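Below is one structure, written out as structure tokens, with a few remarks after it.
The sequence lines fix the lettering, A, B, ..., with proteins before strands; numbering per chain opens at 1. Just so you know, these numbers come straight off a predicted model, no measurement behind them.
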Amino acid sequence: KAGVTQTPRYLIKTRGQQVTLSCSPISGHRSVSWYQQTPGQGLQFLFEYFSETQRNKGNFPGRFSGRQFSNSRSEMNVSTLELGDSALYLCASSLDGRGHAEAFFGQGTRLTVV
Amino acid sequence: GENVEQHPSTLSVQEGDSAVIKCTYSDSASNYFPWYKQELGKRPQLIIDIRSNVGEKKDQRIAVTLNKTAKHFSLHITETQPEDSAVYFCAAVPNGNNRLAFGKGNQVVVIP
């Protein structure tokens, strides 16, 4: 069974640009969550999607958005990039959306904003 | 929202000794507590978890204990080995939710 796949693995963008990251969950998993990991702040929750609906949202500005498709694949978009957006972005997939199932992480996308 | 505190931030142990990492949480509605291990440059990997209807769970050299009254849970690693060196994250998940609230992480260094 394939694990959680994130693309691309690495990205370098310029301030002001926008970026789209992709996450393919484990087959059969319907919940996808996104996290930002930085050395100073640790792992912070961005949002969760379940059955194409955003169920939870963390404390990030509106420049961070996402969506989920009918095949459970999810994308995350960051507009008007700032230097502080440089981070490892991780997605996690779970079987259901009720907090009963384990969350499995992808390898992440390393975003560098210059 | 849920707030998870993790202590200590760094822990060095001699190979073969035990390591204990403690976490506290604030939301009494949290009922699922996973632990993740993250090696340098790799993804966080789930190593053990515990649900609020259980006080202790073991898996080989790893165990987790939960005290719901005091709102704290701990990871215990016995007979540590060099490959146990990593950053360990605890997390708490409120009931009916997939939102993981993570602690800041604990760097464990096993000295051969």
Side-chain angles (χ1 to χ4, degrees), chain A residues 2-7 9-10 23 25-26 29-51 53-60 66 68 72 74 87-110, chain B residues 1-10 21 23-54 57 59 62 64 66 86-107:
Chain A
V4 181
T5 304
Q6 290 187 246
T7 57
R9 291 289 311 279
Y10 303 92
C23 174
I26 292 170
H29 284 199
R30 296 168 63 193
S31 169
V32 174
S33 299
W34 289 89
Y35 294 83
Q36 182 194 66
Q37 186 174 26
T38 58
Q41 297 299 316
L43 283 150
Q44 292 191 292
F45 173 80
L46 282 153
F47 29 65
E48 182 215 357
Y49 286 88
F50 181 77
S51 293
T53 302
Q54 186 182 88
R55 285 188 354 129
N56 284 290
K57 192 177 190 312
N59 298 322
F60 279 82
Q68 187 180 35
S72 294
S74 177
L88 179 66
Y89 290 89
L90 292 157
C91 78
S93 83
S94 296
L95 186 61
D96 67 32
R98 295 171 295 161
H100 294 171
E102 297 88 343
F104 298 94
F105 282 88
Q107 289 187 297
T109 294
R110 172 74 63 186
Chain B
E2 175 64 272
N3 181 47
V4 178
E5 302 275 345
Q6 187 169 351
H7 303 281
S9 59
T10 305
I21 305 168
C23 288
T24 60
Y25 62 100
S26 61
D27 189 348
S28 56
S30 290
N31 65 349
Y32 174 58
F33 306 91
W35 285 87
Y36 287 85
K37 174 184 179 182
Q38 188 176 31
E39 297 174 77
L40 192 62
K42 296 191 176 180
R43 74 185 81 192
Q45 290 203 297
L46 179 69
I47 55 172
I48 196 167
D49 56 15
I50 192 167
R51 299 183 190 274
S52 59
N53 58 346
V54 175
K57 183 177 178 180
D59 183 4
I62 294 172
V64 57
L66 170 65
V87 178
Y88 291 81
F89 292 94
C90 63
V93 184
N95 185 32
N97 194 309
N98 275 355
R99 178 175 181 159
L100 290 160
F102 283 95
K104 294 287 190 192
N106 181 297
Q107 175 76 59

Original post:
With a 4.5 Å heavy-atom cut-off, do B:Glu2 and A:Phe45 have their side chains touching?
Top reply: no

Original post:
Can you say whether A:Phe47 sits under 4.5 Å from chain B via the side chain, the backbone, both, or neither, judging by heavy atoms?
Top reply: neither

Original post:
Would you say the side chain of B:Leu100 lies within less than 4.5 Å of the side chain of A:Ser33, judging by non-hydrogen atoms?
Top reply: no

Original post:
Do B:Asn98 and A:Ser31 meet the criterion of a side-chain donor-acceptor pair at a distance under 3.5 Å?
Top reply: yes

Original post:
Among A:Gly106, A:Gly42, A:Gly108, who wins on heavy-atom pairs under 4.5 Å with chain B?
Top reply: A:Gly106

**OP:** Heavy atoms only, distances under 4.5 angstrom: which of A:Gln107, A:Gln44, A:Arg110 has the most pairs with chain B? Name it, please.
**Re:** A:Gln107

Original post:
Do other residues, nucleotides or ligands put more than 12 heavy atoms under 6.0 Å from B:Lys42 NZ?
Top reply: no

Subject >> Part of A:Gln41 lying under 4.5 Å from any heavy atom of chain B >> reply: both

Subject >> Contact origin within B:Gln6 toward chain A - heavy atom pairs under 4.5 Å >> reply: neither

Subject >> Most chain A-contacting option - heavy-atom pairs closer than 4.5 Å, from B:Pro44, B:Gly105, B:Ala101 >> reply: B:Pro44

Subject >> Heavy-atom proximity to chain B below 4.5 Å, by part of A:Leu43 >> reply: both

**OP:** Quick one: sort the A:Phe105 and B:Phe102 rings into parallel, tilted or perpendicular, breaks at 30° and 60°.
**Re:** tilted

**OP:** Any chance you could lay out the side chain to side chain contact (heavy atoms under 4.5 Å, CB included) test for A:Gln6 and B:Arg43, step after step, and finish with the verdict?
**Re:** CA-CA 11 Å; A:Gln6 290 187 246; B:Arg43 74 185 81 192; over 6 Å; no

